Amino acid sequence: MIDGFGRHITYVRMSVTDRCDLRCRYCMAEHMTFLPRQDVLTLEEMVELADVFIDRGVKRIRLTGGEPLVRKGIEHLVGELGRRVGRGLDELTMTTNGTQLARHARMLFEAGIRRINVSLDSRDPERFRHITRRGELAQVLQGIEAAVEAGLRIKINMVALRGLNDGEIAPMLRWCGERGFDLTLIETMPLGEVEADRTEHYLPLNAVREQLGREFRLIPSLARTGGPARYYEVDGLGLRVGFITPLTHNFCEGCNRIRVAATGTVFGCLGHDQKVELRDLLRSAGSAAVGAALDRLLAGKPERHQFRIEAPRPAVARHMSVTGG
Ligand code: SAM
């Protein structure tokens, strides 16, 4: 799949549910209305759609959400897609908040997943509960232990939040170094209404990088994982730290991805409403119609997002949990 700017689309992020057991302040509203079940693709439909993508050259699929591990029957989806690894698909991965990892980590490994991203914005139990509005840190840490035991490689995703977790970034880096995890820091993106002023907690990562640079020797790394992060090796700690800076640096020229919402809506860009609806086509129109819709999506995939944190309204009305972060 090649878009109108010549970019090869080889990576699909699939949101398997819009539901989540946490309500992170920058991500969701406190009282979210979730989708009715019939609007969400069945697991079989998700496999069917994944096969369409694999047939068209997609090499990596990341399952995300909402929280992918709260989707009932997730083990069937992971098992099915895992069977495609090495047979068309190079890699299956997942982004999770970790709350359900203790019971699912082994299943993920056995299905063929080798690395996961775990979102963890704080290692202080009270701050963690405040940011997530309900999470139990201990549960996530147990989940991470289970993932390590199962043999999964872990990258921690941490959204940098001024006044909330900025004091924890250096300690998180050290902890990740000790545990053999990589770390990716993310700027808050203006997606969906969240009842709060995002600018209050917006922390530009160029300032964070400067500050970390005073404490650690950061060596720019050429490593790219096909994603938007820019990486640095942290001298002496044996880990890589990535910075995802949608606001301070636009990274769209190398974009290789599209995103599927749990409803079968496929978005060309996280920061635009450009989309095609595949659910009804999958249910009644057949593969040629699905293929034609994907062609339309590719032809119209936007060149870049235009996030502005100070804008009066979010760049798009949908939350990250809908598109799959
Ligand atoms: N529930 C899973 C998790 O927590 O990793 C997967 C979905 S979550 C939407 C994926 C990632 O998006 C998380 O790391 C989360 O912190 C991040 N995220 C959500 N809303 C965001 C926003 N407005 N700006 C930046 N990152 C956001």
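Indexing begins at 1, ligand by ligand and atom by atom, following the structure's order. Quick caveat, the model's predicted, so the values are computed rather than measured. Residue numbers run from 1 in the order of the sequence given.
Residue T188 approaches ligand 1 through these ligand atoms, each under 4.0 Å from one of its heavy atoms: 24 (N), 25 (C). Here is the list of ligand 1 atoms found below 4.0 Å of a heavy atom in E187: 24 (N), 25 (C). Each of the following atoms of ligand 1 lies closer than 4.0 Å to a heavy atom of V159: 16 (O), 26 (N). With ligand atoms numbered from 1 in the order given, ligand 1 contributes 6 (C), 7 (C) to contacts under 4.0 Å with heavy atoms of T64. Taking every non-hydrogen atom of C27 and a distance limit under 4.0 Å, the qualifying atoms of ligand 1 come out as 19 (C), 20 (N).
Checked against a 3.5 angstrom limit, the closest N/O atoms of M189 and ligand 1 fall inside it. Residue D121 has no nitrogen or oxygen atom sitting less than 3.5 Å from a nitrogen or oxygen atom of ligand 1, judged on distance alone. Considering backbone and side-chain N/O atoms, G66 comes within less than 3.5 Å of an N/O atom of ligand 1.
At least one side-chain heavy atom of L101 sits less than 4.5 Å from a side-chain heavy atom of L108.
By the 4.0 Å heavy-atom criterion, G65 is counted among the residues contacting ligand 1.
Partner R71 forms a side-chain contact (heavy atoms from CB on, under 4.5 Å) with one of V40, L77, V78, D18 and no other, that one being V40. Applying the side-chain contact (heavy atoms from CB on, under 4.5 Å) test between C252 and each of E303, K301, R304 identifies R304 as the sole match.
When R19, E67, R62 are checked for heavy-atom proximity to atom 2 (C) of ligand 1, E67 turns out nearest.
The OG1 atom of T263 sits 10.0 Å away from the CG atom of D280 when rounded to the nearest 0.5 Å. Put simply, CG on D55 and OG on S287 are 9.0 Å apart, with the number rounded to the nearest 0.5 Å.
If you look at N117 next to ligand 1, there are no close heavy atoms at all, none under 4.0 Å.
Other cluster members for F34: M28, M32, joined by side-chain heavy-atom distances under 4.5 Å among Ile, Leu, Val, Met, Phe, Trp and Tyr.
Using a 4.0 Å cut-off between charged nitrogen and carboxylate oxygen, E30 and R23 do not count as a salt-bridge pair.
For E110, the side chain to side chain contact (heavy atoms under 4.5 Å, CB included) criterion is met by R106, not counting sequence neighbours.
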